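Okay, so here's the structure we're looking at.
Every value quoted in this text rests on a predicted model; they were computed, and no experiment measured them. First listed ligand is number 1; within each ligand, the first listed atom is number 1.
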Amino acid sequence: MTSTAREATSLAEVDEADHHALASHEVILLLETDVDRGLDTAEAERRVGRYGPNELDAAATAGPIRRLLRQFNHPLIYVLLVAGVVTLVLGEYIDSGVIFGVVVVNSIVGFIQEAKAEAALDALRSMVRTDSRVRRDGSKQTLPSVDLVPGDVVFVEAGDKVPADLRLVEVSELQVDESAMTGESVPVQKDEVALDPTTPVADRRNMVYSGTLVTAGTGVGVIVATGARTELGEIHRLVGTADRLATPLTKKLTWFSKVLTAAILGLALVTFLIGLARGESGVDMFTAAVALAVGSIPEGLPAVVTITLAIGVNRMARRQAVIRRMPAVETLGSTTVVCSDKTGTLTENQMTVRVIWTADTRYEVTGSGYQPEGIIRVLPEGVGSADGEGGPDRGGVDLDEEGALHWTLTVGVACNDARLNREGETWTVVGDPTEAALLVAGAKANIDRKELSRALPRRGGIPFSSDRKYMVTVHEDGQEQRRVAVKGAVERVVELCRQELLADGSTRPVDPDRVHEAAEELAAEGLRVLATATGHIDPDVAPDVENMRGQLVFTGLQAMLDPPRQAAIDAVGACQLAGIDVKMITGDHATTATAIAEQLGILGERDDGDVLTGPDLAELNPEEFPGAVERASVFARVSPEQKLRLVEGLQSRGHVVAMTGDGVNDAPALQQADIGVAMGRGGTEVAKEASDMVLTDDDFATIEAAIEEGRGVWDNLKKYIVWTVPTNMGEGLVILSAIVLGLALPILPVQILWINMTTALALGLMLSFEPKEHGIMRRPPRDPSEPLFSGTLVARIFMVAGLLVGGAWWIFEWEQGNGAPIEEARTAAVNMFIAIKIAYLLSCRSLTQPMREIGFFSNHWLLFGIAVQVAGQMAITYLPFMNTVFGTAPLSLGAWGLIVLGGAVAQAVVTTDKTVRRRLAERAAAST
Ligand code: ATP
């Protein structure tokens, strides 16, 4: 057998095997791997060649031909196709050619735009890269999930998204949310026991599937399928992604254009019948009715809306906000409240221990950042917290003489999962920055993590969680009992203690009030305070609160600085100016949170009820809850479960809520929020899955930037709609008025088709590129229930439609009155129409501001579009070939003068309308 043939056989074997029915060692054998060593790199590379990268091929979902055909699936296109065929049969070859031309151009443009928007979304997905922990070459490594191959040994834990289909070989309380696959949202308990071959996919407890989410526990598995071969890949192929670009607005607009199409078709039919009754030719009336229909229907609308949203998504991505669900682009613009985590989003997450407090001494720690350079010295009584930089280092304390300090630092280093890495001069952190700060503090007193783990080998414990707010490790220290090291929130640790340690190594009964007082004092300076304690428990006893309560010795407090991000301070101010309320939600102590909130400008003058804690929230009754959460700005010691209630409370008061989160337990709140915001760096995959937007830099300022972009997108959509509706209306009305009044058509059906097609592309589309207006963040959030068209805009729509129809008729009659042939009069009417459309386009660049405020040259695309349109007009007016096709004729200079004048008048009328209405609005605002 050749090697290729062998590979093909084993590929089929791997694919078709019932992995769930095999014992785990059989699966390992089949996949030619080793749980303890993993694959080696060379073999993994070979397998990438054989199986391809571990990703779903987005293009496979709907082929280009199907996507192109989809463009024809639109009521308007049916109308056009029917009209094209009928005119062809009637021998009106030019009209028929133009109509088919319109259909083809429209479909190609729609196809290209859709493909671009899809590609933009796909590109975004790769910005949020997921990594997996894998064993390769005998060591545990973190690799991009896309590089995984069958046979890789993968580790999963709570918060992870499963990167491929795995046969589990080891589990510890592993629970997986398989709703992505089965729709069932109750997590499934997993194990590694072999199953009957007939077990259906949903019941295969020894398998975890790509795309599902780990909600609890840990597990190790061998990859049996990657990419499109996974179960998710199968589902992906079946379902496709047709609806990815839909948003509430696009859905509303689709409905709107359907209703409009039906109404216009009815009107076209009536027009046709009126014409016939007047004795006009059936063929002429038919083409006129078609032109009326085509002219009136804003068929560019769906495409422009999609492209505008896609441009918005790209602009947001450039500012580090990755949109996961399209509707978020729209919702962002109407956000009224942003609820943000404190640590890492509003603050730097660069922790440095500044003060250590023990029962009888207060110490200052010098140095900043993660370099273990600095000393610890006694802080004289009455001196505030250290600034870390001040004063010459006069030599540190001697740990042998400072028993309580020694144990405070020791517990901080022992009860710790973080690592510090040195790369040249810089120190980086692997793990939790809070824990890294404790390692650094220990290192400043020469307590080395490695030596400590030899002296006190770790034998288990309880990991930190935001719910528990403490962490425990259990160590051997040569005694019969085991030593426990505990660190965590002050109130949680102190309740475990009976004694407190002093500098000379002696102990005395702990005074919880004094400890809390000291912690409050440190927290009031914005420092994050952690308490530490130690003691002994029996080896066979679980190190939980029940077994340790009142048993331990309190060693001290470590207070660390985590400064607010400068950009966040500015962004909070910007949000407040924009009428958006910023609320801080944190697991941290209320006093620390309050101090940081004051530095950020979230809290101004303090009032009762501005700061609520988790226990406060728990006490509120359901009636007062929404009002209280609306009033408060800082929520401290809040558990992830309470975040969900907070979102619901705010929503019940009519707010549009953006909420940040990073942990597994934050997922329900993220899902409930109007905009769930996950952290790209520090967040779990579960949180990202539940979110609408991911911040790739975890920075609060990015949320503000995204809101600003969201407002810009909405503005541009509105501008396009306000531009296109009256101009389409004008096109229909010109024809309708001629037929109803029994007059010659001032613009021919083919000419209407020309106007409609060229202006939608060259003019309207360019509004999507309009930059954001100045002062966009100085107005209140948009009311999501506000209708798209206000009374002012409806009035403007009718006014512009009137200007277009009036202008076209006026120049048509004027030309004829001056003896011009009807072809020339019609050409003048067509150009007048375009001139007014261009003038109105310029005016639509801002719905309220005059041109001088927005700057004539600030949208290059728009100027380019106008240039193209003008060139097109020259061609249709002067090129003999175009004259034949479109029934046009060259114009005199005088006619052009009138056309330019017409445009100028229209511009002046709309500008006056804008100015008057703005002044009225300002006066009304001033009087209230
Ligand atoms: P945010 O919710 O804004 O991110 P946070 O990071 O302060 O705030 P949590 O991580 O839930 O919130 O921490 C809550 C409390 O738990 C902290 O105030 C601290 O006392 C304690 N704590 C934080 N990290 C650890 C840790 N690694 N080990 C032990 N206790 C910790």
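Under a 4.0 Å N-O distance rule, the pair R483/E476 does not qualify as a salt bridge. Using a 4.0 Å cut-off between charged side-chain N and carboxylate O, E491 and R637 make a salt bridge. Taking a cutoff of 4.0 Å between a charged side-chain nitrogen and a carboxylate oxygen, E517 and R514 do not qualify as a salt bridge. At a threshold of 4.0 Å, the pair R377-E402 does not count as salt-bridged, since none of the basic side-chain nitrogens sits closer than that to a carboxylate oxygen. Taking a cutoff of 4.0 Å between a charged side-chain nitrogen and a carboxylate oxygen, R565 and E348 do not qualify as a salt bridge. For the pair D538 and R482, the salt-bridge criterion is not met [side-chain N within less than 4.0 Å of a carboxylate O].
One option in S466, G661, C415 has a heavy atom closer to atom 11 (O) of ligand 1 than any other, and that option is S466.
Polar contact check, T434 against ligand 1: no nitrogen or oxygen pair lies under 3.5 Å apart. Checking only distances, Y470 never comes within under 3.5 Å of ligand 1, N or O to N or O. Ligand 1 has an N or O atom lying under 3.5 Å from an N or O atom of G587, backbone or side chain.
With a heavy-atom cut-off of 4.0 Å, L530 touches ligand 1 through its side chain alone. With a heavy-atom cut-off of 4.0 Å, M584 does not touch ligand 1 at all. Heavy atoms from both the backbone and the side chain of T586 come within less than 4.0 Å of ligand 1. Contact annotation: for K342 versus ligand 1, heavy atoms closer than 4.0 Å belong to both the backbone and the side chain.
Closest of all the heavy-atom pairs between C339 and V657 is SG-CG1, 4.1 Å. In this structure, A590 and T613 approach most closely via the heavy-atom pair CB-CG2, 3.9 Å.
Within the listing of ligand 1, atoms 15 (C), 17 (C), 18 (O) sit less than 4.0 angstrom from a heavy atom of R637. Set against the non-hydrogen atoms of A489, the atoms of ligand 1 under 4.0 Å away are 20 (O), 21 (C). Ligand-side atoms of ligand 1 in range of D341: 2 (O), 3 (O), range being under 4.0 angstrom from any heavy atom. Proximity to V529 (heavy-atom distance under 4.0 Å) selects the following atoms of ligand 1: 20 (O). Close approach of ligand 1 to G488 (heavy-atom distance below 4.0 Å) involves ligand atoms 20 (O), 29 (C), 30 (N).
The closest approach between a heavy atom of I585 and any atom of ligand 1 is below 4.0 Å. Taking a 4.0 Å cut-off on heavy atoms, T347 fails to register as neighbouring ligand 1. Within the 4.0 Å heavy-atom cutoff, R492 does not count among the residues contacting ligand 1.
Side-chain contact check for Q320 and D697: no donor-acceptor pair (N or O, by modelled atom type) lies under 3.5 Å.
The closest protein non-hydrogen atom to atom 16 (O) of ligand 1 is F464 CE1, 3.5 Å.
Relative to the six-membered ring of F635, K583 misses at least one condition, a distance below 6.0 Å or an angle of at most 45° to the axis.
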